[in-house]
Undergrad: 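So that we are looking at the same thing, I have put the structure below in structure tokens.
Scope of the values below: all heavy atoms of this structure, side chains included, with no hydrogens, waters or symmetry mates. Naming convention: chains lettered A, B, ... in sequence-line order (proteins, then strands); numbering from 1 in each chain.
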2 protein chains.
Amino acid sequence: MTKTAHTRLGVPTRTAEDWEEAALDVIASGGIAAVSIPELARTLDVTKGSFYWHFTGLDDLVRRAVARWDRLDKETLDQIRTIEDPVVRLRTLFAEAMAAQRAQSLYLALAVSPSPDIGAALRKVSSRRLKLLADTYRELGMTELAAQQQALLAYSAYIGGVHLRSNDAPWLRETRDVRAYVEHASMALIEPSRRKTKR
Amino acid sequence: MTKTAHTRLGVPTRTAEDWEEAALDVIASGGIAAVSIPELARTLDVTKGSFYWHFTGLDDLVRRAVARWDRLDKETLDQIRTIEDPVVRLRTLFAEAMAAQRAQSLYLALAVSPSPDIGAALRKVSSRRLKLLADTYRELGMTELAAQQQALLAYSAYIGGVHLRSNDAPWLRETRDVRAYVEHASMALIEPSRRKTKR
DNA sequence: TATCTTCCATACCGACAAGTATGGTCTGAA
DNA sequence: TTCAGACCATACTTGTCGGTATGGAAGATA
């Protein structure tokens, strides 16, 4: 199954995916500006010679790393979309989202990038997530507009929760705090949707 | 009232506040990593010689710029705290928060910084905001725990809304969209608190 | 074994930012 | 008018990064 990567003195040689993964780690922890070829080379235990064989330049790496993040996010969402019960799906969505640590930091780091390409990628990911949310709320009986508004609010609550979790703030540090938060958010963001949401 | 700043050939000389303001602008638009002394010097139309007279180094500038942001944020909150009606106070808080563009970008940019000092400053600001929210919800009759949970959720919704507004995404671009969002959020985050929130 | 390809090391260049040293110029006060 | 201090320009050093050029060692292939 593993595509028998090339080896060199026993150890496998670095793939483009290796570089992309390392780049995503750096972006998640230090932002896009922290991505430097020498540093990545050090963590991968190679030199720049390897980098420029796999990529044409720094922009190329960032582009492909972000594209990889996009794919990974899509896979996760496709998984959750298979859940039948809309309420369970929403709760799973919140819980799952609050658990994926690197994906969170990645989103936050990419969100503050002034690059138009990254902005486009971010909008793509966000719109996909919002669509899943809105669809689910519509399944719960909400009107098109109400579902969209509710999706925006729920997504905002998610993003905000992610923010509060970062910076090891004292608010959502313990897992039981996170669970309580998800519980509360679900109460506020799911339960009301069962009422007649007509103004 | 204006403290008669020194002048030079007619025009006033640069103050440390000028540098801090310029730094905050850069941080808001490009992140902390984008802060460079030559670039700031260019926008202020001076050279590095000026910078190193006002500051000991780059860390000094960032530290004092963040401290300035902290003070500005505190002033805004103290203003809102004077509003009597808790509901009006909350609505004002949301609306005001969604309107202050640079303060938003600043928060997002600082939030992804790995620096422990900045992390501490961010926690200070966040805890101040959360305290105001929790106090207000408690005024609305919620229990201590419920008020705290609700404050976390409301703050998350705010942060998330800020996020959605950045990256000129198509979701909260128009002011009427923002108003509708604030309206919807207020409905979801303020109205329920008037019910008996006893589990 | 001979050769081709894959992957990487090394050396080098230009650009640019942080920081230092130093001297100059303008202003306000004595 | 003189002078001390506030404010800044200039020149320079050091370090690091992006990018290029080039050669070489290890696997694959015949």
Undergrad: Starting the side chain at C-beta, find the nucleotide from D/dG27, C/dC8, D/dA9 nearest to A/Thr47.
TA: C/dC8

Undergrad: Of B/Trp53 and B/Lys48, whose closest DNA chain D nucleotide lies nearer the 5' terminus?
TA: B/Trp53

Undergrad: Starting from C1' on D/dT16, measure out to CG on A/Leu40 and report it in whole angstrom.
TA: 15 Å

Undergrad: May I ask you to say what A/Phe51 touches in the nucleic acid, namely base, sugar-phosphate or nothing, with a heavy-atom cut-off under 4.0 Å?
TA: nothing

Undergrad: Nearest-Å distance, CG (A/Asp59) to C1' (D/dG18)?
TA: 10 Å

Undergrad: Between atom CG in A/Asp60 and atom P in D/dG18, what is the gap in whole Å?
TA: 14 Å

Undergrad: Looking at B/Leu153, B/Leu152, B/Leu90, which hits side-chain contact (heavy atoms from CB on, under 4.5 Å) with B/Leu133?
TA: B/Leu90

Undergrad: So, is A/His54 close to the C/dT6 phosphate, meaning a side-chain N or O under 4.0 Å from OP1 or OP2?
TA: no

Undergrad: Distance only, no hydrogens: is a donor on one side chain within 3.5 Å (strictly under) of an acceptor on the other, for B/Ser50 and B/Arg14?
TA: no

Undergrad: Quick one: are the ring centres of A/His163 and B/Tyr155 less than 6.0 Å apart?
TA: no

Undergrad: Would you kindly compare B/Arg14 and A/Ile37 by the position of their nearest DNA chain D nucleotide and give the one closer to the 5′ end?
TA: B/Arg14

Undergrad: Among D/dG19, D/dG27, C/dC8, find the nucleotide with the atom closest to the side chain of A/Val46.
TA: C/dC8

Undergrad: Counting any heavy atom closer than 4.0 Å, what does B/Ser36 reach on the DNA or RNA strands: base, sugar-phosphate only, or nothing?
TA: sugar-phosphate

Undergrad: Other residues, nucleotides and ligands only: do more than 12 of their heavy atoms fall within 6.0 Å of CD on B/Glu17?
TA: yes

Undergrad: Check the distance between D/dA6's C1' and B/Phe55's CZ and give it to me in whole angstrom.
TA: 15 Å

Undergrad: In whole angstrom, what separates B/Trp19's CH2 from D/dC8's C1'?
TA: 10 Å

Undergrad: Nearest whole Å is fine: how far is C/dA18 P from B/Arg42 CZ?
TA: 10 Å

Undergrad: Which one, C/dC8, D/dC8, D/dG19, comes nearest to the side chain of A/Leu58?
TA: D/dG19

Undergrad: Just wondering, do B/Trp69 and B/Leu122 contact through their side chains at under 4.5 Å, heavy atoms?
TA: yes

Undergrad: Between D/dG19 atom P and A/Leu61 atom CG, what is the distance in whole Å?
TA: 11 Å

